[in-house]
Amino acid sequence: MLGDAEYLNPVIGASVTSSNVFGLIYPGLLESRFDTSTGLLNFIAMEKSLLPAEHGAADGKRFSGLARSWSMADDHRSITYTLRDDVAWDDGVPITAADIAFTYRLYGDPVIASPRQQYLAELEGADSGAVDFDRAVEALDATTVVFRFYKPVSERLALFHTSLSPIPAHVWKDVSPGEFRRSSLNQQPLGAGPYRLHQWSKQQELVLESNPLCRLPEPGNINRIMFRIVPDYTVRLAQLQTGTVDVVENIKPEDFQGLEAGPADVEIKSTGLRVYDYVGWSNIDQDAWNSRKEIMPHPLFGSPAVRRALTMAIDRQSIIDGYLGEYGTMCTGDISPSLKWAFNDTITPWPHDPREASKLLASEGWVPGPDGILRKEGKRFSFTLYTNAGNARRNYAGVIIQQNLRDIGIECRLEVQESNVFFENLRQRRLDAWMAGWSVGLEIDPLDGWGSDLDKSRFNFTGYRNPRIDELCELAKDELDPMDARPYWMEYQDILHQDQPTTFLYWIRETQGFSKRIRGEELSILGTFYNIDDWSLDPSRAVTP
């Protein structure tokens with residue numbers, strides 16, 4: 001893996017590695033599967049499936065979720081889950097509806113500041129500023145939990161927002177919100193999934209072992225899974241080539257042939273489109289926000305016209321051609337082309353046009369200074385572009401972006417930060433400009449990234465605020481049929497295209513290298529490790545010590 005986990009806790013863990021790991025440790029309420037023909041996500045309980053059976057019905061013998069079934073109220077203002085009564089945490093304490101009700105209070109606690117707070121946006125009381133948890137999430141008995149909403153909610157959205165992973169109430173009940181992120185329990189997870197934590201050496205490796213107590217659905221096939229933290233791409237590649245590791249994500253296309261012809265017997269597989277890279281521009285002055293909670297335009301990036309100019313200055317197709325090739329496609333927004341029902345294919349990407357970019361900047365008052373760098377009211381257009389260590393693709397893109405911007409009179413310095421430091425700085429809104437990526441949700445619910453309430457929208461690192469975006473997201477969520485929400489998502493994508501809160505770079509067809517000693521892997525848009533608990537190993541092939 002490129003970077004380490006930061007928290008092994010579904011309430012606060014946000015990094016890719018964290019999600020990969022805690023997804024194997026903690027139980028989920030439902031299973032989800034992706035229907036490639038429509039781009040819709042199916043939600044599955046042991047005895048019920050949202051989409052018809054041909055889209056992937058549950059198999060009770062292999063079902064990994066806590067929910068036996070669910071029922072949606074006729075007025076769409078509540079959903080009730082019936083839970084299994086045969087599953088327990090790894091210490092033997094039964095998993096009950098009380099664990100779910102307890103954990104949702106944590107997801108909604110502003111002191112804990114979960115990145116998933118927006119999942120609670122429809123619960124009773126949320127419209128008045130604070131969820132009324134006594135009414136909104138109620139454990140009626142050990143196996144029945146009901147979620148109540150302040151307005152009618154579609155069944156699909158209700159399932160998506162109410163299926164967050166629980167943590168054990170009896171373990172966490174005495175940890176105060178102020179101590180939650182600092183608690184040692186984040187490094188000692190008590191779960192119920194197919195794997196449990198064996199050892200964690202920070203910034204080195206994280207080792208999981210098959211959990212013999214698991215009934216969700218059963219212990220993992222492979223005895224131990226080691227996530228090694230290797231920030232440098234060339235080192236990751238060499239370890240895959242020599243058989244020191246079995247899986248490496250995001251292999252560069254030019255390395256395919258060497259890997260497949262090498263001694264380790266490697267196979268390249270691809271998935272997508274779910275991940276995109278972007279350049280983030282802080283739309284607001286972070287100092288004013290962090291010190292006084294005051295919203296002021298960023299002195300460099302506060303104007304949509306300036307941000308459009310920056311996008312037009314960057315030769316995105318050159319980055320695609322030079323690095324991703326057929327595995328990259330131009331990105332115009334954060335709704336994936338794979339979500340066919342909602343994707344707006346009428347939007348034409350902003351062209352690479354340095355001359356037009358310069359005209360836009362001049363119209364905003366940016367004129368060349370004596371050193372050739374643009375100036376406005378005495379301020380030079382100069383900034384540092386940050387990214388996380390170990391990502392060769394972003395390093396490549398950064399050099400091109402730096403030169404493209406220099407060509408129109410903008411000074412862009414490049415700086416790489418260790419992954420956990422970088423993402424913490426993003427979370428705290430400390431960076432003016434950065435390059436990162438998103439793995440988008442397969443249910444469209446973008447308010448956590450673009451919502452104008454910056455305290456609740458924990459992934460809105462740019463500080464972008466547009467009331468119409470808020471309104472469109474709510475209107476779309478109010479529709480009980482996703483197809484009726486399509487017009488709102490069309491307009492939503494048009495607005496983001498015009499406002500350019502970030503420069504959307506490219507969608508990535510992710511290319512993963514697998515040792516052929518791994519059997520049973522099913523790559524999916526849901527992730528590289530989608531069914532890792534079902535993987536097995538060819539006993540005749542061993543990893544190189």
Side-chain angles (χ1 to χ4, degrees), residues 276-286 295-320 329-337 343-366 374 376 381 383 385-387 397-398 400-402 404-405 407-408 410 412 426 429 431-438 440 446-447 449-452 454 457 459-470 472-473 489-507:
Y276 70 89
D277 274 354
Y278 72 98
V279 178
W281 314 113
S282 185
N283 293 200
I284 61 172
D285 186 316
Q286 306 97 319
I295 299 291
M296 297 176 60
H298 191 278
L300 299 181
F301 311 120
S303 161
V306 167
R307 298 193 296 267
R308 285 197 299 274
L310 292 166
T311 296
M312 296 174 76
I314 296 172
D315 191 352
R316 294 178 287 168
Q317 192 60 51
S318 174
I319 300 170
I320 294 171
T329 186
M330 194 78 76
C331 183
T332 58
D334 63 345
I335 292 182
S336 167
F343 178 64
N344 190 341
D345 60 3
T346 67
I347 294 176
T348 301
W350 294 111
H352 174 52
D353 191 339
R355 183 173 298 180
E356 183 62 26
S358 294
K359 288 181 181 178
L360 274 174
L361 290 167
S363 72
E364 291 285 306
W366 292 97
L374 298 179
K376 180 179 180 180
F381 207 132
F383 65 91
L385 180 66
Y386 295 89
T387 193
I400 292 177
I401 291 168
Q402 181 184 48
N404 289 159
L405 296 180
D407 290 344
I408 62 167
I410 294 175
C412 170
L426 278 187
R429 296 191 180 101
L431 305 179
D432 291 303
W434 63 92
M435 184 163 32
W438 279 120
V440 299
L447 277 179
W450 303 124
S452 296
L454 301 185
S457 300
F459 289 123
N460 188 353
F461 304 137
T462 65
Y464 173 67
R465 301 169 83 242
N466 185 319
R468 182 57 178 166
I469 287 290
D470 298 333
L472 288 168
C473 290
W489 295 130
M490 297 295 106
E491 183 183 347
Y492 161 90
Q493 290 167 82
D494 277 327
I495 292 174
L496 284 189
H497 181 60
Q498 293 297 323
D499 284 355
Q500 290 292 288
T502 66
T503 291
F504 300 98
L505 294 173
Y506 36 75
W507 290 101

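Quick note: numbers below take in every heavy atom, side chains included, and nothing from hydrogens, waters or symmetry partners.
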Quiz prompt | SG on Cys412 to CG on Leu405, rounded to 0.5 Å | solution = 5.5 Å

Quiz item: Quick one: are Thr311 and Phe504 in side-chain contact, heavy atoms under 4.5 Å?
Solution: no

Self-check item: Nearest atoms (heavy-atom pairs only) where Pro446 meets Tyr492
Solution: CB-OH, 3.2 Å

Quiz item: Which atom pair, heavy atoms only, marks the closest approach of Cys331 to Arg316?
Solution: O-NH1, 3.1 Å

Practice problem: Output the distance between atom OG1 (Thr332) and atom NE2 (His497), rounded to the nearest 0.5 Å. | Solution: 7.0 Å

Self-check item: Test item: Thr329 and Ile320 side chains (from C-beta on) under 4.5 Å apart, heavy atoms
Solution: no

Exercise. Check Leu454 against Gly463 and note the closest heavy-atom contact, atom names and distance.
Key: CD2-CA, 3.9 Å

Quiz item: Under a 4.5 Å cut-off applied to non-hydrogen side-chain atoms, are Ile410 and Leu374 in contact?
Solution: yes

Quiz prompt | Full working for side-chain contact (heavy atoms from CB on, under 4.5 Å) between Trp507 and Val440 | solution = CA-CA 11 Å; Trp507 290 101; Val440 299; 4.0 Å; yes

Exercise. Return yes if some donor-acceptor pair links the side-chain N/O of Asp499 with the main-chain N/O of Pro304 below 3.5 Å, else return no.
Key: no

Quiz item: If you round to the nearest 0.5 Å, how far is CG of Asn460 from CZ of Arg465?
Solution: 9.5 Å

Quiz item: Do side-chain atoms of Arg308 reach the backbone of Gln500 as a donor and acceptor pair under 3.5 angstrom?
Solution: no

Quiz prompt | Distance-minimising heavy-atom pair for Ala305 and Leu360 | solution = O-CD1, 4.0 Å

Practice problem: Spell out, as yes or no, whether a donor-acceptor pair under 3.5 Å connects the side chain of Asn283 to the backbone of Pro501. | Solution: yes

Quiz item: Between Trp366 and Leu300, is a side-chain contact (heavy atoms from CB on, under 4.5 Å) present by the stated rule, with each step listed?
Solution: CA-CA 10 Å; Trp366 292 97; Leu300 299 181; 3.5 Å; yes

Exercise. Report yes or no: does Arg429 contribute a side-chain atom to a donor-acceptor pair with the main-chain N or O of Ile284 at less than 3.5 Å?
Key: no

Exercise. Please examine the side chains of Tyr506 and Ile319, heavy atoms only from C-beta on, and report whether any two atoms are closer than 4.5 Å.
Key: yes

Self-check item: N/O donor-acceptor pair under 3.5 Å between Asn344 side chain and Gln493 backbone
Solution: no

Quiz item: So, do Leu426 and Tyr386 sit near enough that their side-chain heavy atoms are less than 4.5 Å apart?
Solution: no

Exercise. With the side chain counted from C-beta on, respond yes when Leu310 and Val279 share a heavy-atom pair under 4.5 Å apart, and no when they do not.
Key: no

Quiz item: Would you find a donor on one side and an acceptor on the other, under 3.5 Å apart, between the side chain of Asn404 and the backbone of Ile314?
Solution: no

Quiz item: To the nearest 0.5 Å, how far apart are CG in Leu505 and CD in Gln317?
Solution: 12.0 Å

Self-check item: From Ile347 atom CD1 to Met330 atom CE, the distance as rounded to the nearest 0.5 Å
Solution: 13.5 Å

Quiz item: Which heavy atom of Ser282 sits nearest a heavy atom of Leu431, and at what distance?
Solution: CB-O, 3.8 Å

Exercise. From the options Tyr278, Trp281, Trp350, select the one residue that forms a side chain to side chain donor-acceptor pair (under 3.5 Å) with Thr503.
Key: Trp281

Practice problem: Can you sort out the partners of Glu364 under salt bridge (Lys or Arg N to Asp or Glu O under 4.0 Å), two or more places apart, ordered by chain and number? | Solution: none

Self-check item: Pro299 versus Asp285, closest heavy-atom pair with distance
Solution: CD-OD2, 4.2 Å

Self-check item: Distance in Å, Ile495 CD1 paired with Ile469 CD1, rounded so as to fall on 0.5 Å steps
Solution: 4.5 Å

Self-check item: Minimum side-chain heavy-atom gap Thr502-Trp434 below 4.5 Å
Solution: no

Quiz item: Should Leu472 and Trp450 count as side-chain neighbours, where that means a heavy-atom distance under 4.5 Å?
Solution: no

